[in-house]
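Structure first, commentary second.
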Amino acid sequence: MKDKVLNALKGVLYPGFSRDIVSFGIIKNVEVRSGIAAIDAEITTDNSQIIETLKKSIPGAAKSVAGIIDVDLKFTVHKTSETGEVQNKNLAPNIKYIIATTSGKGGVGKSTISSNLAISLAKKYDVGLLDADIYGPNIPTMMGIEGHPITVNGDKKIVPIEVYNLKVVSIGNMVPQGKAIIWRGSLIHRAIQQLLGDVEWGKLDFLIVDLPPGTGDAQLTLAQSVPISASIIVTTPQEVAMGDAIKAIDMFKSLNVPIAGVIENMSYFLCPHCGERSDIFASNGGKKLSKKFDIPLLGEIPINLSIREGGDNGKPISTTDEDTIFDPIAEKLVKAVEEKNKRDI
Ligand SMILES: Nc1ncnc2c1ncn2[C@@H]1O[C@H](COP(=O)(O)OP(=O)(O)OP(=O)(O)O)[C@@H](O)[C@H]1O
Ligand SMILES: [Mg+2]
């Protein structure tokens with residue numbers, strides 16, 4: 001019975017977000033005795049409207065469970081101003097969709113895909129690119145802004161670097177090059193929140209967030225620090241990368257972050273001389289994942305020398321190719337993100 005109530009509460013979205021109140025950690029405890037659900041909820045906010053909405057929607061959801069006749073809701077509110085915390089606050093109210101690029105395995109092409117998709121999207125939309133790979137930021141290299149210093153404006157906000165018609169922020173532009181930083185959990189949370197909230201992003205349609213690889217604690221903290229509208233899972237066709245991609249899918253599912261789709265990178269080899277396609281791995285990892293988890297296959301990207309060179313030279317292929325392979329993927333992505341976030345509207 002307790003599980004049923006908890007499940008019903010997972011259907012309650014935090015006002016203004018596509019995430020539910022359970023994955024946000026607002027529900028602290030649920031007990032059910034003689035048909036009465038005792039629910040402990042705790043929230044940090046100054047927004048009285050959010051509090052009022054939740055005070056209605058939490059009992060409403062619990063009462064929808066058969067056998068629950070009444071709800072005893074203990075609702076504790078911490079004011080943001082008292083705690084100094086900005087937890088659960090919409091850090092980036094001017095950003096319509098935040099999209100995280102992720103993979104279970106390293107080196108599968110997340111940063112390459114994040115950069116190129118951001119450039120493709122920027123042909124039609126206002127777009128930002130946030131390098132959240134605080135361990136090995138390589139967006140500055142890929143976007144050709146390595147060594148460009150970050151500036152702060154009069155409101156003490158970080159000013160993104162503008163390149164290829166988009167706004168880019170990376171921790172790589174804030175720390176001395178080649179210097180490794182050791183991050184503790186709470187610091188990661190703060191750092192990522194600052195990269196969202198303390199940046200003068202302006203009004204954006206899409207912010208692409210390039211996450212570090214893996215599904216460990218650090219990635220979890222990152223994913224939880226950003227109000228993600230949808231995620232993109234990047235995989236290569238091999239079974240190993242697929243197994244890791246499944247872990248990433250599981251992680252986002254448990255966080256209740258919608259998955260916009262999967263992109264299979266280094267899918268096949270297109271001979272630059274004769275144009276013949278060779279399916280080197282021939283294991284169809286992306287298609288299999290898409291089918292198994294019922295998520296769209298946003299695209300299959302070939303192994304291509306120009307893609308690698310573009311990344312190394314700070315001029316991603318999407319900036320040079322008129323008819324780039326990333327444009328149709330970006331289009332599919334927009335559709336998938338809008339579809340996944342319909343319930344927000
Ligand atoms: N389709 C492709 N064709 C050729 N080279 C590619 C392709 N995709 C990525 N690469 C190259 O593979 C390397 C790894 O790519 P990238 O850095 O984008 O991966 P990543 O998943 O972000 O890695 P990390 O896990 O370290 O963050 C880079 O040198 C990149 O240029
Ligand atoms: Mg990367």
Side-chain angles (χ1 to χ4, degrees), residues 99-120 129-146 164 168-173 175 177-178 180-181 183 188 192 195 208-216 218-219 222-223 226 231-238 240-245 247-249 251 262-272 277-281 283 285-286 289 297-321 324-330:
I99 302 170
T101 314
T102 183
S103 70
K105 197 168 170 274
V108 295
K110 285 176 303 302
S111 304
T112 305
I113 288 173
S114 300
S115 317
N116 281 290
L117 279 181
I119 292 165
S120 275
L129 175 61
L130 170 60
D131 185 0
D133 191 345
I134 51 177
Y135 306 100
N138 31 40
I139 290 293
T141 307
M142 289 192 177
M143 297 298 283
I145 52 167
E146 212 173 0
Y164 302 133
V168 185
V169 169
S170 168
I171 208 106
N173 293 97
V175 295
Q177 273 175 49
I181 314 170
W183 296 92
I188 298 175
I192 296 301
L195 289 178
I208 305 288
V209 182
D210 186 26
L211 289 177
T215 46
Q219 286 73 26
L222 285 170
V226 181
S231 57
I232 303 170
I233 310 285
V234 180
T235 186
T236 55
Q238 301 96 312
V240 185
M242 242 185 82
D244 290 316
K247 284 189 205 146
I249 292 174
M251 180 179 94
V262 56
I263 297 180
E264 185 184 292
N265 189 26
M266 311 192 208
S267 249
Y268 54 93
F269 178 71
L270 211 52
C271 174
R277 171 176 168 150
S278 315
D279 290 302
I280 306 172
F281 305 108
S283 48
L289 275 183
L297 178 64
L298 298 174
E300 294 168 309
I301 301 166
I303 295 181
N304 181 322
L305 188 61
S306 331
I307 293 183
R308 210 259 310 134
E309 283 175 345
D312 283 355
N313 303 335
K315 231 171 173 287
I317 186 172
S318 299
T319 60
T320 51
D321 252 3
T324 148
I325 182 152
F326 287 95
D327 284 353
I329 300 178

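Residue numbers count from 1 along this sequence. When a ligand or atom number is given, it counts from 1 through the structure's own listing order.
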To check you understand the geometry: which heavy-atom pair defines the closest contact between [X] and [Y], and what is its length?
X      : Y      : value
Ala248 : Ser103 : CB-C, 4.1 Å
Gly109 : Val234 : C-CG1, 4.4 Å
Pro316 : Tyr164 : CD-CE1, 3.7 Å
Glu264 : Gly286 : OE1-N, 2.6 Å
Asn138 : Asp131 : N-OD2, 3.5 Å

For [atom], the protein heavy atom that lies nearest, with its residue and separation:
atom                    : value
atom 7 (C) of ligand 1  : Ile307 CG2, 3.7 Å
atom 27 (O) of ligand 1 : Asp133 OD2, 3.5 Å
atom 20 (P) of ligand 1 : Lys110 N, 3.4 Å
atom 11 (C) of ligand 1 : Arg308 CG, 3.8 Å

inquiry  = side chain to side chain contact (heavy atoms under 4.5 Å, CB included) for Leu211 and Lys110? Distances and angles first, verdict last.
reply    = CA-CA 8 Å; Leu211 289 177; Lys110 285 176 303 302; 5.5 Å; no

Kindly compute the distance separating [atom1] ([X]) from [atom2] ([Y]), expressed to the nearest 0.5 Å.
X      : Y      : atom1 : atom2 : answer
Ile113 : Ile301 : CD1   : CD1   : 4.0 Å
Ile99  : Leu130 : CD1   : CG    : 12.5 Å
Phe326 : Thr319 : CZ    : OG1   : 11.0 Å
Asp133 : Asp210 : CG    : CG    : 6.0 Å
Ser267 : Leu297 : OG    : CG    : 8.0 Å
Ser114 : Met143 : OG    : CE    : 10.0 Å

query = Do Asp327 and Ser120 pass the side chain to side chain donor-acceptor pair (under 3.5 Å) test, and can you show the C-alpha distance, the side-chain angles, and the key distance before you say yes or no?
reply = CA-CA 5 Å; Asp327 284 353; Ser120 275; 2.6 Å; yes

message = Heavy atoms only: which of Met142, Met266, Glu264, Lys105 lies closest to atom 12 (O) of ligand 1?
response =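 Considering heavy atoms of Met142, Met266, Glu264, Lys105, the nearest to atom 12 (O) of ligand 1 sits in Met266.
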
ask   = With respect to atom 19 (O) of ligand 1, which of Ser111, Gly109, Ser114 exhibits the smallest heavy-atom separation?
value =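 Result: the heavy atom closest to atom 19 (O) of ligand 1 is in Gly109.
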
query = Does the protein place any heavy atom closer than 4.0 Å to atom 30 (C) of ligand 1?
reply =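 Yes, there is a protein heavy atom closer to it than 4.0 Å.
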
query = Under the 4.0 Å line, does any protein heavy atom show up next to atom 2 (C) of ligand 1?
reply =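 Given the 4.0 Å cut-off, atom 2 (C) of ligand 1 counts as touching protein heavy atoms.
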
Out of all atoms in ligand 1, which are within 4.0 Å of some heavy atom of [X]? Include the element for each.
X      : value
Pro213 : 25 (O)
Gly106 : 25 (O)
Ile303 : 3 (N)
Gly107 : 14 (C), 19 (O), 20 (P), 21 (O), 23 (O), 24 (P), 25 (O), 26 (O)

So, is [X] polar-close to ligand 1, with some N/O to N/O distance under 3.5 Å?
X      : result
Val108 : yes
Pro302 : yes
Ser103 : no
Ile113 : no
Asn265 : yes
Asn304 : yes
Thr112 : yes

ask   = Using a distance-only test with no angle check, is there a side-chain donor-acceptor pair under 3.5 angstrom linking Ser231 and Thr102?
value =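 The criterion, which ignores hydrogens and geometry beyond distance, is not satisfied for Thr102 and Ser231.
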
key: Contact check, Gly136 vs ligand 1, heavy-atom distance below 4.0 Å   =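 Flag not set, Gly136 not near ligand 1.
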
ask   = List-wise, which protein N, O or S atoms are found short of 2.8 Å from the Mg ion (ligand 2)?
value =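 Metal shell, protein only: Ser111 OG.
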
task = For the pair Asn116 and Ile329, evaluate side chain to side chain contact (heavy atoms under 4.5 Å, CB included) and give the outcome as yes or no after the intermediate values.
result = CA-CA 10 Å; Asn116 281 290; Ile329 300 178; over 6 Å; no

ask   = Can Asn265 and Val108 be said to form a side chain to side chain contact (heavy atoms under 4.5 Å, CB included), step by step?
value = CA-CA 7 Å; Asn265 189 26; Val108 295; 5.7 Å; no

